[in-house]
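Before any comments, here is the structure.
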There are 2 protein chains.
Amino acid sequence: MGGGRVDWGSMQDSDVAMMLRRAGHKVTPQRMMIIRALRTARGHVTAGQIADDVRRHFPAVDLSTVYRTLDVLKRMRVVTAIDVGTGDSMFEWSDKEPHHHLVCTSCDSIENLDHHYLEDMGARLKAELGFEPNLDHFAIFGLCRECQMDGCNGHEA
Amino acid sequence: MGGGRVDWGSMQDSDVAMMLRRAGHKVTPQRMMIIRALRTARGHVTAGQIADDVRRHFPAVDLSTVYRTLDVLKRMRVVTAIDVGTGDSMFEWSDKEPHHHLVCTSCDSIENLDHHYLEDMGARLKAELGFEPNLDHFAIFGLCRECQMDGCNGHEA
DNA sequence: GTTATTGCAAAGGCTTTGCACACTT
DNA sequence: AAGTGTGCAAAGCCTTTGCAATAAC
């Protein structure tokens, strides 16, 4: 039972550093900058985007360091990974309410979706099927309002 | 407006061949065997599994041919691709009712989920947010009944 | 001083692409 | 005959891993 969701909303860098140490990890400049990149990103970012961001201040950071740090943060449950099928994973700092993503398959935009849209379904899965869904992060594909208007729903081929 | 879902349920190989031709594609033994592999698979298969299956009768088939054929079939909308985050895509012949997948993150089992579990949510997304979801295929992650029992919900780290 | 972490480089897995030859139409 | 489809090989992309040097504890 994973237990409660912590509110990291007002967390400071020093708090994150302490969490790292308490989890038995070391606090390095690279890690702090990766964390900062995640926290200042307005949403989901790829590992490559994090690396690019960090390199503006710290040019030598390697992608492998980013991936390894993301691994640590995922295990600490302060970062969530979502896979929207674009080939690369997207990562997000989990300081927000549980929420989900509406991915437009035409323009690749991603909007957030409030958790309550999935709650009913989740309850039914558990009650009727015995399946305990992990609804922390969910991606729903389709067409956003604009792309429906544009008629860019091409009958390809 | 993709339009209605055709019932391919009782389709025969010759029907598929005709569809290919009508879509301007050529009917080759490789394609027919790939199609057969997809149709006889009891669920979702990876490109590699299709290749292995086809090679039992036709050893020279290349993975690139499988991928290219899957592309054709996807555009003809007789095959659906789902991404369950395992790194490789899974493909499925779309001769069934729209349905979804419950993916157990502990034992990697995949059960099907009837469409009606998602219908309500889909309607709300459209009505309240203007987002037209594509609910043809959906993957929901979580723990199946057995893995909840086993307590293999490890607090990793 | 110990131990974890980094950067570099290389490998890994899945998928895509270029090209000449073969096959379907 | 015309044109698509195939196999082969190579490349592409994201991600992971091995290793010696480095930095945090």
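Scope of the values below: all heavy atoms of this structure, side chains included, with no hydrogens, waters or symmetry mates. None of these values were measured; they are calculated from a predicted model. Chain letters run A, B, ... following the sequence lines, proteins first, then strands; residues in each count from 1.
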### Worked check of side chain to side chain contact (heavy atoms under 4.5 Å, CB included) between B:Met121 and A:Ile140
CA-CA 11 Å; B:Met121 182 194 60; A:Ile140 298 177; 3.9 Å; yes

Separation of [X] atom [atom1] from [N] atom [atom2], in whole Å?
X: B:Asp88; N: D:dT16; atom1: CG; atom2: P; answer: 14 Å
X: A:Met90; N: D:dC13; atom1: CE; atom2: P; answer: 17 Å
X: A:Leu63; N: C:dG12; atom1: CG; atom2: C1'; answer: 15 Å
X: B:Met18; N: C:dT24; atom1: CE; atom2: C1'; answer: 18 Å
X: B:Arg21; N: D:dT4; atom1: CZ; atom2: C1'; answer: 14 Å

### Query
Taking everything shown except B:Arg36 itself, do over 12 heavy atoms lie less than 6.0 Å from its CZ?
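No.
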
### Task
Measure the spacing between CG of B:Leu113 and CG of B:Leu102 and express it to the nearest 0.5 Å.
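It is 4.5 Å, given to the nearest 0.5 Å.
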
### Message
For A:Asp53, run the side chain to side chain donor-acceptor pair (under 3.5 Å) check against A:Arg56, A:His57, A:Gln49 and tell me which one passes.
### Response
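Considering A:Arg56, A:His57, A:Gln49, a side chain to side chain donor-acceptor pair (under 3.5 Å) with A:Asp53 is found only for A:Arg56.
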
### Message
Return a single string for nucleotides 5-10 of chain D, one symbol per nucleotide in 5' to 3' order, where B is base contact, S is sugar-phosphate-only contact and - is none, cutoff 4.0 angstrom on heavy atoms.
### Response
SBBB--

### Message
B:Arg124: which residues meet the side-chain hydrogen bond (donor to acceptor under 3.5 Å, both in side chains) condition with it, sequence neighbours left out?
### Response
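Result, side-chain hydrogen bond (donor to acceptor under 3.5 Å, both in side chains) vs B:Arg124: A:His116, B:Glu128.
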
### Query
Do NZ/NE/NH1/NH2 and the carboxylate oxygens of A:Asp71 and A:Arg68 come within less than 4.0 Å?
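No, this pair does not count.
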
